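Since the structure comes first, as structure tokens, the remarks are kept for the end.
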Amino acid sequence: MITDVVSDFASPGPAWPETPPPGVILDLRTIVKSFGVLQVLRGVSLRVRKGEVLALIGPSGSGKTTLLRCANHLEQPDGGEVWLDGELVSHRVTRGRLAKAREGELRHHRAEMGMVFQSFNLFPHLSVLQNIIEAPMSVRRLSREVAVQRARDLLQKVGLVDKIEAYPLQLSGGQQQRVAIARALAMEPKVMLFDEPTSALDPELVGEVLGTMRMLANEGMTMLVVTHEMDFARDVADRVVFMDQGLILEEGPFEQIFTAPRHERTRTFLQRSLQSNNEREK
Amino acid sequence: MFDWQIVITHLPDLLRATVRTIQLTLWTVLLGTVLGVALAIVRQSAAPMLGRAIAVYSWFMRTGPLLVILYFLYYGLPRVGIYLPAFQLAVLGGGVASGAYYMEIIRGGILAVPKGQMDAARALGMHPLRVWTRVVLPQAIPVFLPPFVSNTQLILKGSSLAGVITVAELTGVGNRFISLTFRPLEILFPVAVIYLTLNSVLVLLQMAGERAWHTRR
Amino acid sequence: MDWEFLAHNFRILIRGTGNTLLLGAATLVLATLLALPLAAASNTQRRALRWPIAAYAWAARGIPELIILFFCFYGLGQLGLRLEPMPAAILAFTIFSTAYFLEIFRGGLRGVGRGQYDGAAALGLSYPRMMLRIILPQVLRIAAPAYLTMAISVLKLTSIASVVAVTEVTHTANKMIVATQRPFEILSMAFLIYVVMNSILIGLQMLIEKRLKLKT
């Protein structure tokens with residue numbers, strides 16, 4: 001039953017929150033979020049270990065993107081806690097009580113989580129280089145030389161160092177997204193959050209981005225990826241998490257979910273996405 | 001037929017009045033912009049009550065004439081014991097009337113920047129002030145600069161009404177000279193040329209501004 | 001609330017609306033009729049046509065409306081053509097409104113895709129027929145919102161005609177202030193009269209925009 005799965009991971013609610021065990025980079029506990037009357041997240045808990053790659057799948061409206069955005073507090077959760085590498089991010093301690101964290105503190109932690117968006121969100125009025133060095137210089141206070149060198153190395157890694165002076169609108173979608181990944185990596189984050197990174201790309205360009213993500217995974221980066229790409233989920237993800245209507249229905253290795261789903265809705269969803277996958281490959 | 005002598009004699013006074021016109025325009029733009037920014041911010045964040053009040057105010061400013069507002073301030077304020085110089089009354093009237101337009105212009109500029117831009121900047125941990133100055137404003141300014149300048153041009157023309165409530169600006173002074181000299185053309189031509197010149201300066205400033213904040217597209 | 005006072009003076013003010021509407025309507029009709037051919041003319045390749053029209057548009061929009069009004073009322077008098085306040089006002093308003101409508105219609109013309117002309121030509125339509133039946137309706141449709149916004153501005157601007165003694169609403173209100181010594185009440189009523197008139201226009205604009213959306 002749904003409640004079993006949730007209670008496996010939800011803390012039973014001690015008076016004072018327990019720090020997560022070592023090795024857990026991102027700990028989301030009973031995250032609740034509503035937009036007006038619409039409740040999008042109904043108590044979602046998730047733990048991501050260091051070096052793990054998690055694929056978050058599910059139908060649209062299931063809350064996957066919202067969960068990601070609650071992790072780095074682009075949206076403020078209505079309830080629940082977010083822990084990053086053993087530190088409580090979503091709340092601060094004042095006078096022996098917990099209170100919602102303030103923007104200044106959240107900002108500090110956001111810098112430790114890299115986010116890659118579906119629509120890339122590169123700054124169009126800045127060059128590729130300027131896009132990448134902006135945050136390291138203004139947030140981490142690196143010198144320009146160090147920041148530029150880091151940018152070069154990262155662009156080298158994603159294979160776009162020759163585009164360093166180009167402007168985002170001169171690049172293809174796949175190239176823009178790889179620059180976006182480099183921009184996020186420039187902050188040396190502890191975890192990378194990917195929000196449907198390939199959904200807005202033409203099919204031919206999807207491969208280059210997935211390739212970059214694969215490389216990151218092989219290097220041991222902790223990644224939480226919301227995606228529709230089932231091949232990626234199967235080949236790269238350590239665990240797959242299926243969400244529906246604001247709750248996690250099941251999780252486990254891809255084989256387990258795929259061959260022996262516990263819920264009817266999981267089965268239907270997988271069938272439908274594999275169908276559309278085949279349609280695309282035709 | 002055309003008596004250049006009249007033009008030459010009155011030109012210095014006209015130019016002095018032009019300075020007043022420029023001052024009037026600048027102060028009105030300042031007041032209007034500040035009001036517009038404040039209203040845009042309030043509109044974005046606050047209560048539906050305030051939003052409705054602002055909408056009503058906007059509606060009135062879009063449908064009611066500036067001249068009536070100026071008369072209202074000129075005749076009305078002394079009755080409640082507020083005695084202000086005509087110049088300030090004109091700035092007040094013009095500023096309040098244009099605030100609604102500036103609010104729309106600024107909202108247009110800010111809305112033109114896709115939400116994802118702020119998302120990305122925040123996700124990188126950038127400081128809110130830097131988010132505004134490095135990411136949002138550079139993209140908003142090219143969008144709202146043209147309507148901002150054309151609104152300023154409208155305010156320049158609107159300043160010509162201030163003479164009716166005894167401000168010593170260009171049109172008011174010109175009107176006085178017409179009744180003194182009985183040579184309207186000799187007065188109106190230089191006045192028209194001066195206004196067109198001021199207008200051209202604004203257009204040039206706009207072109208320079210667009211080049212400075214140029215977004216490469 | 002002195003209702004008697006308000007009602008009595010409101011009736012006097014309302015008489016002013018006759019001239020306000022007359023000025024507004026006459027201006028709109030004349031300016032539209034003039035702006036359409038000018039817009040078509042300025043859309044051609046012939047520089048001899050485009051430049052004078054552009055110069056006129058720049059001057060008519062850059063010079064304050066009050067100055068143009070003074071030109072028509074006082075200036076023409078110096079040249080021997082003495083006009084009564086209302087005709088002078090109609091002339092002045094037509095001069096600058098045409099320039100604004102000119103820009104609006106040019107925008108509308110630009111909005112009509114090249115394909116429309118090609119399609120009409122391919123069907124063998126004559127130039128007048130093409131302009132009248134194919135191009136013009138589309139121009140009007142595209143330009144309708146901006147046109148109505150300008151119409152509202154024109155109606156608002158009629159208040160400046162009071163300065164050359166056209167007995168419209170603002171002029172009437174001004175005289176009544178001296179007589180009644182109650183500026184707040186008089187001017188508020190005058191203001192509201194304009195608000196109501198223009199609100200009707202805005203309502204019309206929204207109605208037309210909705211119907212246009214349904215058609216496309």
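All figures in this text were calculated on a predicted structure; none of them were measured in a lab.
Salt bridge annotation for A:R47-A:E52: absent, with no cationic side-chain nitrogen under 4.0 angstrom from a carboxylate oxygen. For the pair A:R29 and A:E81, the salt-bridge criterion is met [side-chain N within less than 4.0 Å of a carboxylate O]. The pair A:D153-A:K157 does not count as a salt bridge, with every side-chain nitrogen at least 4.0 angstrom from each carboxylate oxygen.
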Derivation and outcome, side chain to side chain donor-acceptor pair (under 3.5 Å), residues A:R152 and A:Q149 = CA-CA 5 Å; A:R152 266 188 210 286; A:Q149 189 52 53; 4.9 Å; no

Begin from the C-alpha positions of A:H228 and A:E196 and carry the test side chain to side chain donor-acceptor pair (under 3.5 Å) through to its verdict.
-> CA-CA 7 Å; A:H228 293 300; A:E196 299 202 31; 3.2 Å; yes

Start with the C-alpha gap between B:S160 and B:Y195, add the side-chain angles, then the distance that decides, and say whether side chain to side chain donor-acceptor pair (under 3.5 Å) holds.
-> CA-CA 10 Å; B:S160 64; B:Y195 274 113; 5.0 Å; no

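Two residues are said to be in side-chain contact when any heavy atoms from C-beta on lie closer than 4.5 Å; A:L224 and A:L46 meet this criterion.
A cation-pi contact, defined as under 6.0 Å to the ring centre and within 45° of the axis, links A:R183 to A:F123.
Atoms CD and OG1, on A:Q118 and A:T227 in that order, are 10.0 Å from each other to the nearest 0.5 Å. The CG atom of A:L122 sits 8.0 Å away from atom CD of B:Q117, with the distance rounded to the nearest 0.5 Å. In this structure, CZ in B:R176 is found 10.5 Å from CD1 in B:I187, a value given to the nearest 0.5 Å.
At a heavy-atom cut-off of under 4.5 Å, chain B is reached by A:R69 from residues 62-69 of chain A, listed in order of number. Interface residues of residues 127-140 of chain A toward chain B, defined by a heavy-atom distance below 4.5 Å and sorted by number: A:E134, A:A135, A:S138, A:V139.
For A:M113, the part sitting under 4.5 Å from any heavy atom of chain B is the backbone (N, CA, C, O) and nothing else. Proximity to chain B is limited to the side chain of A:F117, based on heavy atoms less than 4.5 angstrom apart. In this structure, the portion of A:L126 lying under 4.5 Å from any heavy atom of chain B is its side chain and not its backbone. For B:R130, the part lying under 4.5 angstrom from a heavy atom of chain A is the side chain only. Heavy atoms closer than 4.5 Å to chain B are found nowhere in A:H109, neither backbone nor side chain.
Remark: the backbone N or O of A:L84 is not paired with any side-chain donor or acceptor of A:K190 at under 3.5 angstrom.
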